[in-house]
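Following: one structure in structure tokens, then a few remarks.
So you know, we letter chains A, B, ... as the sequences are listed, proteins then strands, and number each from 1.
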There are 4 protein chains.
Amino acid sequence: MRRINNSLQVDRRLWREDIRGSKAHAAMLRDRDIIPAEDAAAILSGLDAIAAEWAATDGPPLDCRAEDIHMAVEKRLAELIGPAAGRLHTARSRNDQVATDFKLWVRQAADRALLGCTDLGEALLQRSEQHAASIMPGFTHLQVGQPVTLGHHLMAYAAMLLRDHLRFTDIRVERCCGNPLGSAALAGTAFPIDREQTTQELQFGFCTHNSIDAVSDRDFALDYLSAAAICGLHLSRLAEEIVIWASQPFGFVTLPDAWSTGSSIMPQKRNPDAAELIRAKAAQLLAAFQNLGVVLKGLPLAYSKDLQEDKRIVFEAADTLELCLAAMTGMIRDLKFNTERMAEVAGTGHSTATDLADALVREAMVPFREAHHIAGRAVAEAERRGCTLSELSDDALEAIDPRVRRDYLMTPAQSAASRTSFGGTAPNRVREAIAAARGERP
Amino acid sequence: MRRINNSLQVDRRLWREDIRGSKAHAAMLRDRDIIPAEDAAAILSGLDAIAAEWAATDGPPLDCRAEDIHMAVEKRLAELIGPAAGRLHTARSRNDQVATDFKLWVRQAADRALLGCTDLGEALLQRSEQHAASIMPGFTHLQVGQPVTLGHHLMAYAAMLLRDHLRFTDIRVERCCGNPLGSAALAGTAFPIDREQTTQELQFGFCTHNSIDAVSDRDFALDYLSAAAICGLHLSRLAEEIVIWASQPFGFVTLPDAWSTGSSIMPQKRNPDAAELIRAKAAQLLAAFQNLGVVLKGLPLAYSKDLQEDKRIVFEAADTLELCLAAMTGMIRDLKFNTERMAEVAGTGHSTATDLADALVREAMVPFREAHHIAGRAVAEAERRGCTLSELSDDALEAIDPRVRRDYLMTPAQSAASRTSFGGTAPNRVREAIAAARGERP
Amino acid sequence: MRRINNSLQVDRRLWREDIRGSKAHAAMLRDRDIIPAEDAAAILSGLDAIAAEWAATDGPPLDCRAEDIHMAVEKRLAELIGPAAGRLHTARSRNDQVATDFKLWVRQAADRALLGCTDLGEALLQRSEQHAASIMPGFTHLQVGQPVTLGHHLMAYAAMLLRDHLRFTDIRVERCCGNPLGSAALAGTAFPIDREQTTQELQFGFCTHNSIDAVSDRDFALDYLSAAAICGLHLSRLAEEIVIWASQPFGFVTLPDAWSTGSSIMPQKRNPDAAELIRAKAAQLLAAFQNLGVVLKGLPLAYSKDLQEDKRIVFEAADTLELCLAAMTGMIRDLKFNTERMAEVAGTGHSTATDLADALVREAMVPFREAHHIAGRAVAEAERRGCTLSELSDDALEAIDPRVRRDYLMTPAQSAASRTSFGGTAPNRVREAIAAARGERP
Amino acid sequence: MRRINNSLQVDRRLWREDIRGSKAHAAMLRDRDIIPAEDAAAILSGLDAIAAEWAATDGPPLDCRAEDIHMAVEKRLAELIGPAAGRLHTARSRNDQVATDFKLWVRQAADRALLGCTDLGEALLQRSEQHAASIMPGFTHLQVGQPVTLGHHLMAYAAMLLRDHLRFTDIRVERCCGNPLGSAALAGTAFPIDREQTTQELQFGFCTHNSIDAVSDRDFALDYLSAAAICGLHLSRLAEEIVIWASQPFGFVTLPDAWSTGSSIMPQKRNPDAAELIRAKAAQLLAAFQNLGVVLKGLPLAYSKDLQEDKRIVFEAADTLELCLAAMTGMIRDLKFNTERMAEVAGTGHSTATDLADALVREAMVPFREAHHIAGRAVAEAERRGCTLSELSDDALEAIDPRVRRDYLMTPAQSAASRTSFGGTAPNRVREAIAAARGERP
């Protein structure tokens, strides 16, 4: 029973939040004359003393014989200041206390995620800037499609990170802003507490409106886990690309030593371990959302012990997310892009056949579907001759269709440069997008 | 191959969105002189004709020999207006087209979810109003804890629904507002398109910033599924309570005939089938988020066919969510609350022992922990005598502790009424909360 | 990079298996004359010395500056015996080594799960025996259905545990029996190794047939996690029932002190914390299967670093499963069943109406559907009069249908005793089932 | 209510099983003299008539105004044979009936999965045979590792399919073999039924031992879904490889027309749509297991309506699995392997450096770690000169280490051929493995 019930090993990470919440509560009790001022003073200085004590060990000693962090704080406080410690729990219950502590913690986790997204976003912007005009093949179905710029491709990830940033901002600002403190066990309290005061002190946005909901609600944790899972998916897509790009047949990137492992026997070998681990850990983040969701499914109100699982799940997910963001940031900063190889592959697969068709439509007013058939014939002819579209002779072009003009045949770089629609891959558009992401105005 | 590749059976539900998007695209092509005005006119009236045709059958016939909804529209258009139909696909690709269609659909699904949340929220408010002062036991760990009001308990669910509403509003307003149309296959286009025009026409908020991301991104669907899953969890908690409350030993509610099934042999039996199904379907909503997340995990840019799964997943989830919201709304409206039975149970389990302790703290200035020990002794004495706290004799109270006064012993109704802290269960607080939820100011 | 790549903190739990596998490998290399006998002797005694060293700390020191358990062993071996340690890795790679270690570990975890299932099964058998004839209401839809015996209800869980036992036995005997050692990095080896020898030494059943599969396969871990998840679901169902049964309106069980938590203020309160935690942890086990599945989805052959996640997932799941099994066993042993209360509820809800209908069919040859309608009328009449079926007067029975005889009206105990079909709830059938589960023959 | 409660649209697929089970039940009732022989005869011929009627439409008409398949059968039977139909439900309940029907269906699904695995396995064996000696690079971390044979690589998947086959066989033989019929609503029955008779008639292996468990148990469905999910993971890994191999920079395979989609403009383009869809659908199979697991979590005994979700989940999963197996079988049969390109890549990345080290150990008795360092220096030298290991001059070799002999430097084909350990990649070993998989003895 003790083994299954004890949660200190997990929830000791809440120690700062628990002390912070307790201080706000004690000050409010004092200001509302619910506890004597001198007891409040003892409590407040006692809590400060505990914070100082535990700063070195980042939390209470595991052998402190308390079943959870709240009891650890209360026990230590009683040792330090005596019976006055007993007044701290007036008009409060572990149920609203843990909801408050945990929400404060999730808020901080959202802040850390925001920093992580910003760092990775900045790394992506820098590399995009360097490669705003570097040509690479754009893939669909992992088949060479149309030429794009590497900067444009990287900016796709910056766009994802921007959405992640928006999501974590919402969590920070909208989802974690209700203060549950003062909801007591589940019904509120008859003490004349001032919830506005603790709300301000703890920098929440408002007091939760329903005490039963306040102690049972873990939506804020689900919201965090959902955002973490989606962010993890973005990272996994980038990680997958790095793994594929680093494979010899691609050869698009060379992994820096710091972000790969070799082997004593093959010094040239650079296994993309970090990328693989990031890819794999996206699964953990998805499973974390699932895990908490399943815990909550069909759980009657109000507090049930099932909720104790919330912290293990979120703590592990936050650690993983932060590690993945940091690792990906380092990798992106240090990755060597083999732009020549990329450009070479961009020229394969008749990747500019669409440009030929579009030119026929645009310049020769050929209807779209007909233009596509002409381009198709050109590709078939090039395939037959084993050459690129540009290498087709004038006679061959003429034979395909008299409306085909040589200047409709683009190089990959020309193709990319031509795609100047907003959000398109043309280098200037990429530079604009980078500037916009940095908040610069044209 | 045909069986695995054909998606018309699923994506035919996008027919309205596909026609709407195509009309916006055609009008823009015309206004930018990319296609001739007369062809545009033919296209627009052809699309209207298709819409009129399919309104009756809610989509194209399944045997129309098109592999997906986009081809079905294009094929029918060609039948109706001939070769001019071929111009519609200028400066567009199926990749940006399907992203646009699907985002429009998800936006509508969010709207429907908002309506569903509003309806259920209103039903909860009405029933809360009726029962703002009805006493029931508040449970923690499914153990009788402190007395609460039924209105307060129901308002806990209204609070959850309010968060769901916020979440779906975010999806409506923030997550589905980037217009991908004009991103073409993945690289943008060289045609001089005007993406702002289609953005306004389709009531998007802005043009997506990166064409590669635009065709690969399904965050908006994940956001919808996450919100749906969380909403489903809330419903499952309420459903579980209804199932438990309807069980004979509880007897808290009587299910209306319309929302239960009986049996020919036991006419009094009312199985809470609808509540059970709602509870079970929360699992489907959780699985839907998981399913799409796993599809996206490790998927290289840009479009891959894997993304075709997005629609099946979201369509099924949206149907389920809407059905569950509607069913729960009906059930809540019609549920008969057996308030006498609730009040009876609220009086068991010495549920007012906390009130006694709090009164000792508040009135007799007994320190909190000591007060709790006194209350504990009173409970033990009542247990020993097999009576309630109120039934203890004066002598017995005196023996427990001379500071205990009879008027510290509350009835459940007094207990609930005393918990007047903001968000607390006192009837007046509940009425305030209902008014606030309706946007009424005091 | 170091933080994301280092796995020692997790995989140090493999230390016994790593040493065991290495000893088998070294002995085989010696017997096949691949390494000199004296080096082999040094390696073997060095490995024994390490095992002795680490027994106290249950693994290598975390600060041993090795990135994983394999390097920790190799490094320590080199410190102890010098360069000869370098021969141990001949004809082996970390890829087949870790697959071997991990499979050995999972095999042991299956053994522990088997013990856990046996213990819980035995506890269930004992309690079923005590209560083979105790009457309780059988529920469908959590509505009182037909009377059953408590022993029969508990034996339903014994039946689930028996299936779990079968599943873990399969894992032990069929899923973990292929020896991957000797598959080397992925292609096998040119050294003249004898895989049969290590297979026998490590008590595997056969040598894996394909070296690429052998280093990439984690089916055995998925099989274990699937079995653990299903077992967790069984426990969660029992846990849910305990939570509901312990709730005051039910009052079917009293939780022993050791398996509940109270509060200083409400000494009579017994929160079913352990049951709630077991219920919640079923979610973790489900998530674990999901997590590893998602890691493996779409992973190209052969070894990828993603696989490193396997151990964290399985270790956590195994710890949780074992804890839940042990906690549930303790709880079942100590649970106090309030059989009077159960019997009382079994008499409510006209739970014997089906018996009346069946008797009409059986004794009076009334067709089944008609018999059901007669029973329905009897229930309606009893409802109207606010009495039980047995309390209906002879006149009332006559008025319902002349074929109804008083002796068709059963008590709950008679009803349960009459259900003597194989697998039915009659006390004798329950005792038979207990005997059969114990392997006793009649 | 009707919309959420009606299940006919889903469970009509059980019509054959429902009729089969009903026939077995009716015959048993007749043989035990529970119902009159003439009624039994009418029932049996009526059920046959229904089966004949519905064969054309594969089930009852959806507008038959029955809420589920059981009622649809019963209703039609009453229409056909009148009141005698009412006797069919004697000593039976919908709870044991649906458990029986569904288990019969899952058993058939397992049979279909077995066939699917066999077909794909056979396709893999055939292609492996053709390519037992074709050289390709073996990858770890998607980095070129050691040369392997294509036949060996494909046989890795055959090994996975063999495990899948074992898993589905277990389901067929061990998990679906308990007959629940006769468990009635939950308590068994007082009618003198003969469960052995229906067990034999329905080809089950034994009668379930506990009636409460029998109507609540869905383990057999979880087992099926778990096996389906794992099989789906195997397919997803192969699908991922096909997608990567078909990418231009790899160019390992050319997709047959039948298994790829092109575009009107790029006739040479072959998108691996089927492979992508198979990869994506693995997510659906994983989600299905999760979905049913979450439905079952914390569900009290006995039958609850939540269980109705089981059929939707399993039916969809079975359809998907069968489709994926069939599509993959077709693809594997028709895939064109570009063995020259594979061999070319196998020669890159100094893939035979390990062979050099091993040869030094084996032939020159150099200790393993030292040998590895020598090979490492050779690779570094080759890298510096931009040549392969084989192209290093004699002087260069001498300078690296005098013990290095030219004949230690292998070609990829020599390397693969040398790996003759059991389960290794040498062509002869591959042919042996194919023969073994076919049950041929040497």
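Chain D forms the most heavy-atom pairs under 4.5 Å with one residue out of C:Lys297, C:His234, C:Glu432, C:Met155, and that residue is C:Lys297. The most heavy-atom pairs under 4.5 Å with chain C, out of D:Arg237, D:Glu240, D:Glu241, come from D:Arg237. Chosen from C:Leu301, C:Thr425, C:Leu166, the residue pairing most often with chain D at heavy-atom distances under 4.5 Å is C:Leu301. Heavy-atom pairs under 4.5 Å with chain D were tallied for C:Arg87, C:His89, C:Arg163; the largest tally goes to C:Arg163. Between chain D and the options C:Ala302, C:Gly178, C:Pro83, the largest number of non-hydrogen pairs under 4.5 Å is found for C:Ala302. With respect to chain D, the highest number of heavy-atom pairs below 4.5 Å among C:Thr90, C:Asp306, C:Leu299, C:Leu235 belongs to C:Leu299. Your options are D:Arg167, D:Glu196, D:His153, and the one with the most heavy-atom pairs under 4.5 Å with chain C is D:Arg167. The candidate with the highest count of non-hydrogen atom pairs below 4.5 Å against chain D, out of C:Gly86, C:Pro300, C:Gly424, is C:Pro300.
Using a 4.5 Å cut-off between heavy atoms, D:Leu296 touches chain C through backbone and side chain atoms alike. Within the 4.5 angstrom heavy-atom criterion, only side-chain atoms of C:Asp170, from C-beta onward, approach chain D. Heavy atoms closer than 4.5 Å to chain D are found nowhere in C:Asp39, neither backbone nor side chain. Contact of D:Glu74 with chain C is made through the side chain alone, with heavy-atom distances under 4.5 Å. Contact annotation for D:Arg195: only side-chain heavy atoms (C-beta onward) come within less than 4.5 Å of a heavy atom of chain C. With a 4.5 Å cut-off on non-hydrogen atoms, C:Val366 touches chain D through its backbone but not through its side chain. Only the side chain of C:Ile244 comes within contact range of chain D, with at least one heavy atom under 4.5 Å from a heavy atom of that chain. Only the backbone of C:Pro147 comes within contact range of chain D, with heavy atoms under 4.5 Å apart.
A distance of 8.0 Å separates CD of D:Gln146 from OG of C:Ser93, quoted to the nearest 0.5 Å. Atom OG1 of C:Thr199 sits about 9.0 Å away from atom CZ of D:Phe422, to the nearest 0.5 Å. To the nearest 0.5 Å, atom NE2 of residue C:His209 and atom CZ of residue D:Arg429 are 11.5 Å apart. Between atom CG of residue D:Asp194 and atom OG of residue C:Ser421 there is a gap of 11.5 Å, rounded to the nearest 0.5 Å. The line from CD1 of D:Ile212 to CG of C:Leu154 is 9.0 Å long, rounded to the nearest 0.5 Å. Separation of atoms OH (C:Tyr157) and CG (D:Asn210) is listed at 10.5 Å; rounding is to 0.5 Å.
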Contacts under 3.5 angstrom, residues 182-191 of chain C side chains, donor-acceptor by atom type, not counting sequence neighbours:
from, atom 1, to, atom 2, distance (Å)
C:Ser183, OG, C:Pro180, O, 2.7
C:Thr189, OG1, C:Phe191, N, 3.1

Donor-acceptor pairs are to be reported for all side-chain atoms of residues 283-294 of chain C against protein atoms at under 3.5 Å, with residues two or more places apart or in another chain.
from, atom 1, to, atom 2, distance (Å)
C:Gln284, OE1, A:Arg312, NH2, 3.3
C:Gln284, OE1, C:Thr320, OG1, 3.2
C:Gln284, NE2, C:Thr320, OG1, 3.2

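With sequence neighbours left out, D:Ala239 forms a side-chain contact (heavy atoms from CB on, under 4.5 Å) with D:Ala275, D:Ile278, D:Arg279, D:Met328.
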Give the C-alpha distance, both sets of side-chain angles, the deciding distance and a yes or no for side-chain contact (heavy atoms from CB on, under 4.5 Å) between C:Arg419 and D:Ser211. CA-CA 10 Å; C:Arg419 298 187 175 268; D:Ser211 57; over 6 Å; no
Show your working on side-chain contact (heavy atoms from CB on, under 4.5 Å) between D:Ile230 and C:Asp223 and close with a plain yes or no. CA-CA 9 Å; D:Ile230 294 175; C:Asp223 282 322; 3.7 Å; yes
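D:Gly298 and C:Ser236 get closest at one heavy-atom pair: N-OG, 2.8 Å.
Annotation: residues 215-222 of chain C contacts chain D through C:Ser216, C:Asp217, C:Asp219, C:Leu222 [non-hydrogen atoms, separation under 4.5 Å].
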